[in-house]
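All ligand and atom numbering here is 1-based and tracks the order in the structure. Atoms considered below: every heavy atom in the structure, side chains included; atoms not considered: hydrogens, waters and symmetry mates.
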Amino acid sequence: MSGRIPIAGNLKHIAEHIRSTAERAGRNHGSVRLVAVSKTRPAADVMAAYHAGQVLFGENYVQELTVKMAEVREPVEWHFIGHLQSNKVKYIAGGVSLIHSVDRLSLAEEISRQWGRFGKVCDVLIQVNVSGESTKSGTTEAGAIELVKACSLLPNIRVKGLMTMPPFFDDPEAARPFFAELRRLADRIRQENIAGVEMKELSMGMSGDFEAAIQEGATLVRIGTAIFGGRQ
Ligand SMILES: *Cc1c(COP(=O)(O)O)cnc(C)c1O
């Protein structure tokens, strides 16, 4: 029963937590953006969050996203954060402002091709599997550098940074080394001075571990449960 979840109150609490964590880490709080992860949630929850001041939403599944895009009339901004199949890129082309989960060149090529049909450029992040867990998507660290270089040669795609999902731990501190490693990798890629590549975004941190992620440099935190309640 989504109506019982105090979405506005949760958002206010999270925004405050993000701000205080950033400030204590010596960062400008405007440097961390909240992506409200609305997967499995009805469009009504997105609208409720929008009317509480949240504009940016993240979705994992193409079909669910396209349905919600049609249902939500409010001018929200959508990010795609889940595993993306190349044959589904066409359904979201032009409709999302950032794809967090580019992990292979064939996908990047298809994104570039589909955005090119609209004469637009798609901003993307490279998803890196920092932990090396076989169950996680994402490229290896060495693969990330090669992928960024290859993406920089595609006409309708622009690499803005990196994204990672560490293994799940009960203790949020356990995720910290993976966040720090993603930041080091971004620094290394930045030093390569690849044309057109900015490396300014680090998408890391979820409901259970966003504080550590912000302390390690996250610019985008992806938070679902702490805003919308638990998922089935
Ligand atoms: C579901 C999901 C999130 C949000 O997770 P919560 O623990 O609900 O905050 C963040 N990122 C990705 C990629 C997800 O799939």
Side-chain angles (χ1 to χ4, degrees), residues 2 5-18 21 32-43 45-46 48-49 52 54 56-66 68 76-85 88-89 92 96-104 107 111 123-139 144 160-176 178-179 182 201-232:
S2 62
I5 306 289
I7 292 173
N10 289 348
L11 269 171
K12 190 160 173 273
H13 177 78
I14 294 286
E16 181 49 41
H17 195 160
I18 290 172
T21 304
V32 185
R33 277 189 298 159
L34 168 60
V35 182
V37 177
S38 47
K39 66 177 175 213
T40 78
R41 299 292 164 187
D45 284 11
V46 173
Q54 178 66 25
L56 178 55
F57 294 87
E59 286 279 342
N60 287 55
Y61 308 103
V62 168
Q63 202 196 334
E64 187 184 340
L65 173 57
T66 53
K68 257 178 244 183
V76 304
E77 181 182 348
W78 297 103
H79 283 184
F80 194 83
I81 65 171
H83 179 74
L84 185 53
Q85 287 172 266
K88 297 206 172 143
V89 171
I92 61 169
V96 299
S97 59
L98 184 69
I99 297 176
H100 292 225
S101 47
V102 172
D103 58 359
R104 58 200 189 278
L107 174 61
I111 292 169
D123 288 339
V124 302
L125 308 180
I126 303 301
Q127 182 172 355
V128 186
N129 183 357
V130 179
S131 66
E133 271 188 310
S134 60
T135 53
K136 288 274 188 300
S137 12
T139 174
K160 291 285 191 178
L162 304 178
M163 179 272 228
T164 199
M165 252 180 106
F168 177 79
F169 299 106
D170 286 325
D171 173 12
E173 278 305 310
R176 185 185 296 277
F178 300 101
F179 298 145
L182 193 73
E201 303 284 3
L202 285 176
S203 169
M204 53 191 198
M206 317 201 315
S207 292
D209 56 17
F210 69 88
E211 196 172 307
I214 290 170
Q215 288 161 351
E216 298 302 329
T219 64
L220 291 160
V221 289
R222 310 178 309 266
I223 298 178
T225 312
I227 297 169
F228 298 108
R231 290 177 293 270
Q232 255 82 51

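Heavy-atom separations between H100 and ligand 1 are all 4.0 Å or longer.
Below 4.0 Å from some heavy atom of M165 lie the following atoms of ligand 1, by number and element: 13 (C). Set against the non-hydrogen atoms of I223, the atoms of ligand 1 under 4.0 Å away are 9 (O). Using a 4.0 Å cut-off to heavy atoms of G224, the atoms of ligand 1 that qualify are 4 (C), 6 (P), 8 (O), 9 (O). Interface of I81 with ligand 1, defined as ligand atoms under 4.0 Å from a residue heavy atom, comprises 11 (N), 12 (C), 13 (C), 14 (C). With ligand atoms numbered from 1 in the order given, ligand 1 contributes 6 (P), 7 (O), 8 (O), 9 (O) to contacts under 4.0 Å with heavy atoms of T225. For ligand 1, the atoms closer than 4.0 angstrom to any heavy atom of R222 are 4 (C), 9 (O), 10 (C), 11 (N), 12 (C), 13 (C).
Salt-bridge annotation for K68 and E64: present, with a side-chain N of the basic residue lying under 4.0 Å from a carboxylate O of the acidic one.
With values rounded to the nearest 0.5 angstrom, T164 atom OG1 is found 7.0 Å from Q127 atom CD. The line from CE of M165 to CE of M204 is 14.5 Å long, rounded to the nearest 0.5 Å.
From the protein, the heavy atom lying nearest to atom 10 (C) of ligand 1 is M206 SD, 3.2 Å. Atom 14 (C) of ligand 1 has its closest protein heavy atom at K39 NZ, 3.0 Å. Looking only at protein heavy atoms, the nearest one to atom 9 (O) of ligand 1 is S207 OG, 2.5 Å.
For the 3.5 Å distance criterion, the side chains of R222 and S203 qualify, holding a donor opposite an acceptor.
The nearest pair of heavy atoms linking G217 to L202 is O-CD1, 3.6 Å.
The backbone N or O of P42 lies less than 3.5 Å from no partner atom in the side chain of D45, so there is not a single donor-acceptor pair.
Taking the six-membered ring for Trp and thresholds of 30 and 60 degrees, F178 and F169 have nearly parallel ring planes, at less than 30 degrees apart.
When non-hydrogen atoms are compared, ligand 1 lies under 4.0 Å from the side chain of N60 (C-beta onward) but not from its backbone.
The shortest distance between side-chain heavy atoms of I99 and L84 falls below 4.5 Å.
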